[in-house]
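For reference, the structure discussed in these notes is given below.
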2 protein chains.
Amino acid sequence: MTSPARNARSASAPAAAGNGASLAGARLRVAVPSVAERVAQELRHQLAEGLLLPGARLTEAALAEDLGVSRNTVREAFAELASERLLVRHPNRGVFVASLGAGDIHDVYTVRRAIEVSTIRNGGTTEQIAAVRAAVEEGKKAAAANDNEGLGSANQHFHRAIVAMAGSRRLDTIMSQVLAEMRLFFHKATVDAEFYSGYLKDNEQICAALEAGDGERASELMLAYLDRSEAQQVAIHGV
Amino acid sequence: MTSPARNARSASAPAAAGNGASLAGARLRVAVPSVAERVAQELRHQLAEGLLLPGARLTEAALAEDLGVSRNTVREAFAELASERLLVRHPNRGVFVASLGAGDIHDVYTVRRAIEVSTIRNGGTTEQIAAVRAAVEEGKKAAAANDNEGLGSANQHFHRAIVAMAGSRRLDTIMSQVLAEMRLFFHKATVDAEFYSGYLKDNEQICAALEAGDGERASELMLAYLDRSEAQQVAIHGV
DNA sequence: CTTTGAGGAATTGTTCAACAATCCAACGAT
DNA sequence: ATCGTTGGATTGTTGAACAATTCCTCAAAG
């Protein structure tokens with residue numbers, strides 16, 4: 001019953017001479033993200049890029065000054081990022097970049113096992129499987145180009161494509177958040193060339209099983225992959 | 001004061017392999033929840049209680065006045081509830097109590113299938129299974145007392161206990177959020193006496209299978225239960 | 001009679017300035 | 001060296017302000 005889009009006409013343009021110039025760029029963009037949302041985006045970017053390391057402290061005043069926004073707005077962005085577990089709030093002490101502890105690694109992989117294995121067992125449409133295949137090929141290409149950064153991205157695309165087969169917005173966002181958490185914490189590991197290259201074969205096998213319509217085998221492969229990956233992460237980062 | 005580098009000291013403190021998380025989480029009750037948090041709690045309560053129906057609008061000023069807090073504080077509470085999908089923000093239009101559409105029902109059950117079935121297949125410790133059993137008995141008792149409200153609570157406890165077997169904080173919170181969503185939307189349905197009573201037998205069977213160590217059978221029963229429940233919800237609420 | 005457009009009220013988005021509460025580190029007294 | 005005290009800094013919260021936007025009403029034009 002809710003009509004999603006309402007045209008934004010009423011271009012009364014009572015404003016001064018300048019007029020459309022500045023608005024022209026945003027003319028088609030019906031929904032401009034709020035300032036708080038843009039701050040959150042910027043922080044997510046910096047977190048994903050490894051510019052903000054786990055444990056680092058973020059002070060409201062500094063960020064507000066730095067980004068040219070109000071402290072309250074920064075606060076809203078903090079709340080959003082905290083709800084995604086990328087930041088943690090210590091009451092009256094400040095917000096810090098999240099850092100995963102020993103149990104958290106297992107925790108994250110438990111979520112992934114639940115979501116990915118369950119999803120993959122049910123298979124997907126040919127289009128959805130094609131998306132998975134595309135991610136696999138993207139990874140191969142990145143490997144051939146020795147592009148580690150691209151390899152990491154391709155791997156995330158692969159797993160996101162897997163979950164997308166379930167066709168659930170909620171699962172998609174959960175998966176995105178989990179991947180963001182991992183990317184934040186495991187950023188150092190991504191520099192290791194051998195780190196992702198070993199997974200290329202797994203992804204290929206899983207994708208092949210999917211294309212063959214053997215969801216059961218695909219799910220078993222995925223489960224084995226996740227278990228192995230978890231063990232690897234535990235080995236790298238001190239338990 | 002332009003502070004160019006915000007990468008604070010990450011050196012010593014955060015080590016605490018034990019876990020900084022538990023330190024924060026284990027902050028004893030000496031810490032009083034913030035005002036924003038209390039507002040969020042109050043709203044959650046009213047939502048769960050059915051005092052705020054889906055689609056209802058919440059105005060910042062009214063709530064601020066009503067609860068005796070500042071508008072900004074209400075805003076923070078809104079942000080938190082929105083991140084839990086209990087409220088939705090329409091930019092420049094206001095926040096509304098979330099209402100599930102056609103696809104959302106299937107979406108929610110997709111999440112539950114992924115989490116609950118996956119968790120139950122792996123079984124749990126005797127203590128964890130005992131918690132499941134306790135929820136089952138709680139339901140029986142409520143049924144005997146003709147306490148529909150209690151029946152609904154017991155059912156939620158049952159499913160929460162199931163997920164708790166995974167021992168994952170993240171899965172627990174995801175499950176809590178999903179259950180909160182359902183409780184909000186399906187509140188009207190909970191008045192139906194027959195609605196939950198039919199599930200008592202399912203819960204009993206699932207619990208029995210768990211106690212017998214037959215996780216596979218338990219998971220199959222759970223899957224069948226969820227599918228049936230989804231169909232029932234779709235039947236009740238217009239597709 | 002329907003459509004169009006121009007106010008105008010109401011609400012949100014955002015900023016700013018202030019104050020209380022809390023934490024932290026340095027300091028001083030015992 | 002231990003323990004309390006004292007400042008300084010940062011967060012939590014408030015209140016008021018203003019621009020931007022939406023919604024509603026209503027009169028004018030077709």
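Letters A, B, ... are given to chains in the order of the sequence lines, protein chains preceding strands, and every chain is numbered from 1.
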B:Arg89 side chain near B:Phe96 side chain, heavy-atom distance below 4.5 Å: no

Under-3.5 Å N/O pairs linking protein and nucleotides 13-19 of chain D:
from, atom 1, to, atom 2, distance (Å)
D:dT13, OP1, B:Val35, N, 2.4
D:dT14, OP2, B:Ser70, N, 3.1
D:dT14, OP2, B:Thr73, OG1, 2.2
D:dG15, O6, B:Asn72, ND2, 3.0
D:dA17, N6, B:Arg71, NH1, 3.4

Distance test, side-chain N/O of B:Arg89 to OP1/OP2 of C:dG13, below 4.0 Å: yes

Pairwise side-chain contact, A:Glu127 with A:Met165, heavy-atom cut-off 4.5 Å (strictly under): no

Gap separating the OG atom of A:Ser176 from the CD atom of A:Glu84, nearest 0.5 angstrom: 9.5 Å

Distance, rounded to the nearest Å, where A:Arg93 contributes CZ and C:dA21 contributes C1': 15 Å

Polar contact flag, side-chain donor to acceptor under 3.5 angstrom, B:His159-B:Tyr199: no

Spacing between A:Glu80 atom CD and C:dG13 atom P, to the nearest angstrom: 13 Å

Rounded interatomic separation in angstrom, taking CZ from B:Phe96 and C1' from C:dT11: 11 Å

Atom-to-atom span, CG of B:Asn92 to P of D:dT22 - whole angstrom: 5 Å

Note, A:Val74 side chain near A:Arg71 side chain (heavy atom, < 4.5 Å): no

B:Glu116 vs B:Val178 side-chain heavy atoms within contact, under 4.5 Å: no

